[in-house]
Amino acid sequence: MSRRAVFLDRDGVLNWATVRDGRPYPPENADDLKFLPGVEAACRHLSAADFLLIGATNQPDIARGTTTLDAVESINEAVIKALELDDIRMCPHDDADGCDCRKPRPGLLRAAARDFDIDLQSSIMVGDRWRDVETGIAVGCRTVFIDHGYDERLPSNADFTCEGLAQAVPWIIGGCEP
């Protein structure tokens with residue numbers, strides 16, 4: 001029997017992102033990792049409601065040469081351990097690479113669905129950027145947009161918009177009622 005999952009973007013959903021010129025950037029290393037308010041409790045509630053918790057993150061700084069795969073994997077491991085996530089799926093590419101795993105393309109979520117027997121139509125994608133929302137829509141997930149007021153394109157069709165993961169938990173657990 002397929003399971004439900006909550007797919008969680010990492011930077012800006014689970015942990016603080018540094019905002020420069022209106023755009024979010026990830027922490028440089030695991031020592032700089034700081035979780036957003038209410039995230040730990042939100043993850044516990046979602047897990048207790050029998051959702052798999054899968055991180056889904058673009059990390060183009062690897063392809064750009066401004067960070068290393070080891071540094072990103074160290075951060076991912078710290079997030080998995082602290083929040084008891086089931087997994088984190090990560091795209092190390094940049095847009096020019098044309099891969100299927102870079103959000104808004106659906107590769108990360110489809111691969112996780114295969115590996116964990118996830119029913120995508122019963123699952124939710126939570127993100128703080130238009131790419132996250134578009135990825136969820138592409139695979140048939142319901143979507144949550146966490147609006148931090150970045151100076152960039154906004155998603156036009158998220159199912160639920162809020163200011164943080166903790167605010168989305170009642171909507172997710174309650175069956176995503178409008």
Side-chain angles (χ1 to χ4, degrees), residues 5-49 51-95 101-104 108-109 112 123-136 141 143-155 158 160-173:
V6 177
F7 295 99
L8 302 153
D9 178 56
R10 194 187 78 185
D11 307 315
V13 172
L14 299 176
N15 57 270
W16 287 101
T18 301
V19 179
R20 292 189 303 267
D21 298 323
R23 300 203 52 185
Y25 294 89
E28 291 185 20
N29 55 58
D31 292 336
D32 292 338
L33 183 65
K34 304 234 180 325
F35 294 110
L36 288 159
V39 163
E40 289 135 318
C43 288
R44 282 193 305 274
H45 290 305
L46 292 168
S47 185
F51 283 97
L52 289 170
L53 301 180
I54 310 286
T57 182
N58 284 345
Q59 295 297 320
D61 290 342
I62 295 169
R64 295 171 188 161
T66 59
T67 194
T68 65
L69 178 60
D70 287 345
V72 173
E73 286 179 341
S74 176
I75 294 168
N76 288 345
E77 289 170 15
V79 171
I80 289 170
K81 183 178 179 183
L83 301 178
E84 299 182 18
L85 302 187
D86 295 286
D87 196 14
I88 291 183
R89 298 299 170 108
M90 185 258 309
C91 172
H93 307 108
D94 205 349
D95 285 329
C101 59
R102 182 159 167 77
K103 297 180 288 181
L108 288 178
L109 274 57
S123 297
I124 295 91
M125 175 68 209
V126 181
D128 65 330
R129 302 182 81 181
W130 67 270
R131 290 174 177 272
D132 305 315
V133 172
E134 293 297 322
T135 303
C141 289
T143 58
V144 173
F145 175 59
I146 296 179
D147 190 356
H148 291 298
Y150 301 142
D151 187 19
E152 62 182 24
R153 174 180 160 192
L154 296 174
F160 186 77
T161 298
C162 58
E163 295 177 0
L165 182 59
Q167 290 178 318
V169 168
W171 182 81
I172 294 168
I173 292 175

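Along the sequence shown, residues carry numbers from 1.
Residue pairs meeting the salt bridge (charged side-chain N to carboxylate O under 4.0 Å, His left out) criterion with at least one partner in residues 54-77, sequence neighbours excluded, are Asp61-Arg64, Arg64-Asp94.
Residues meeting the ring pair (Phe, Tyr, Trp, His ring centres under 6.0 Å) test with Tyr150, sequence neighbours left out: His148. Listed by chain and number, the residues in a side chain to side chain donor-acceptor pair (under 3.5 Å) with Ser123 amount to none (sequence neighbours excluded). Among residues two or more places apart in sequence or in another chain, the side chain to side chain donor-acceptor pair (under 3.5 Å) test is passed with Thr67 by none. Applying the side chain to side chain contact (heavy atoms under 4.5 Å, CB included) test to Ala42 and every residue at least two apart in sequence or in another chain returns Leu165, Val169. Residues satisfying the salt bridge (Lys or Arg N to Asp or Glu O under 4.0 Å) test with Asp11, not counting sequence neighbours, are none. Residues meeting the side chain to side chain contact (heavy atoms under 4.5 Å, CB included) test with Pro104, sequence neighbours left out: Trp130, Arg131, Glu134, Thr135. For Asp128, the salt bridge (Lys or Arg N to Asp or Glu O under 4.0 Å) test picks out no residue, with sequence neighbours left out. Applying the salt bridge (Lys or Arg N to Asp or Glu O under 4.0 Å) criterion to Asp87, with sequence neighbours excluded, gives Arg89. The salt bridge (Lys or Arg N to Asp or Glu O under 4.0 Å) search around Arg10 returns none, not counting sequence neighbours.
For the pair Cys43 and Leu8, the tightest heavy-atom approach, listed with the atom from each and the gap, is SG-CD1, 4.5 Å. Heavy-atom minimum distance, Ile88 versus Asn76: CD1-O, 3.6 Å. Residues Trp171 and Thr143 share a closest heavy-atom pair of CH2-O, 4.0 Å. Residue Val144 comes nearest to Cys162 through the heavy atom pair CG1-SG, 4.0 Å, listed as atom of the first residue, atom of the second, then distance. Taking every heavy atom of both residues into account, Leu85 and Gly55 meet most closely at CD1-N, 4.3 Å.
Phe160 places none of its side-chain heavy atoms less than 4.5 Å from the side chain of Ile172. Residues Glu84 and Leu53 fail the side-chain proximity criterion, which asks for heavy atoms closer than 4.5 Å. With a 4.5 Å cut-off on side-chain heavy atoms, Leu46 and Ile173 count as touching.
Distance alone, capped at 3.5 Å, places no donor-acceptor pair between the Lys103 side chain and the Arg129 backbone.
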N/O donor to acceptor pairs below 3.5 angstrom from side-chain atoms of residues 20-37, sequence neighbours left out:
residue : atom : partner : partner atom : Å
Asn29   : OD1  : Asp31   : N            : 2.9
Asn29   : OD1  : Asp32   : N            : 3.1

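The 12-atom threshold is exceeded at CD of Glu152, counting heavy atoms of other residues, nucleotides or ligands nearer than 6.0 Å.
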